[in-house]
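First comes the structure, then the notes that go with it.
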Amino acid sequence: QVQLEEFGGGLVQAGDSLRLACVASGRTLSNYAVGWFRQAAGKEREFVAAIGGTGFRTYYAESVKGRFAISRDNALNAAYLQMNTLKPEDTAVYYCAADLQYANVGNKPDYWGQGNQVTVSS
């Protein structure tokens, strides 16, 4: 099975940008659709963005559309979430996820990373 690990979180100020990376091991990531989710303190985990195996299909939560961009580099077995114009309400633990089915990756993906904290100060 594929293992996922997130990198790139941290503390930034409102309006700043940050890029998260999701690095896969154990399997070729190109076989999987990849999604990003986040969970703020005291709230349920929510979908952020997803990308198909070839990178041609993407979709986003309304709350991040136009500010965040998901991408992938299958040669590096990695996916990314570029986050621009960050807001304090973007503060959360961000999780990378993967599923063999694109239709599942934004709902109940099979594989998850451990999460990476992103904190946006006002």
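Values below: every heavy atom of this structure, side chains too, minus hydrogens, waters and symmetry copies.
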Testing the basics here: between [X] and [Y], what is the closest heavy-atom pair and its distance to 0.1 Å?
X     : Y     : value
Gln1  : Gln3  : O-NE2, 3.0 Å
Ala49 : Leu81 : CB-CD1, 4.2 Å
Tyr60 : Ile70 : OH-N, 2.9 Å
Gln82 : Ser17 : NE2-CB, 3.8 Å
Cys22 : Trp36 : CB-CZ2, 3.6 Å

**Report entry** Residue Gln117 excluded, over 12 heavy atoms near CD under 6.0 Å
**Finding:**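 Atom CD in Gln117 is packed in, count exceeds 12.
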Query raised in the report: Between the side chains of Glu89 and Thr91, is a donor N or O closer than 3.5 angstrom to an acceptor N or O?
Result: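 Side chains of Glu89 and Thr91: no pair found under 3.5 Å.
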Query raised in the report: Parallel, tilted or perpendicular: which fits the ring planes of Tyr94 and Phe68, with parallel below 30° and perpendicular above 60°?
Result: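 Tilted.
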Requested in this report: Test Arg67 against Asp90 for salt bridge (charged side-chain N to carboxylate O under 4.0 Å, His left out), laying out the working first.
Outcome: CA-CA 11 Å; Arg67 297 189 300 122; Asp90 294 317; 2.7 Å; yes
**Report entry** Student check: side-chain heavy atoms of Arg45 and Arg38 closer than 4.5 Å
**Finding:**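 The answer is no, as the side chains (C-beta and beyond) never meet within the 4.5 Å cut-off.
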Report task. Show your working on ring pair (Phe, Tyr, Trp, His ring centres under 6.0 Å) between Tyr95 and Phe47 and close with a plain yes or no. Result -> CA-CA 9 Å; Tyr95 296 89; Phe47 167 78; over 10 Å; no
Query raised in the report: Judged by atom type as modelled, is there a donor-acceptor pair below 3.5 Å linking the side chain of Asn77 to the main-chain atoms of Thr28?
Result: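 Such a contact is absent between Asn77 side chain and Thr28 backbone.
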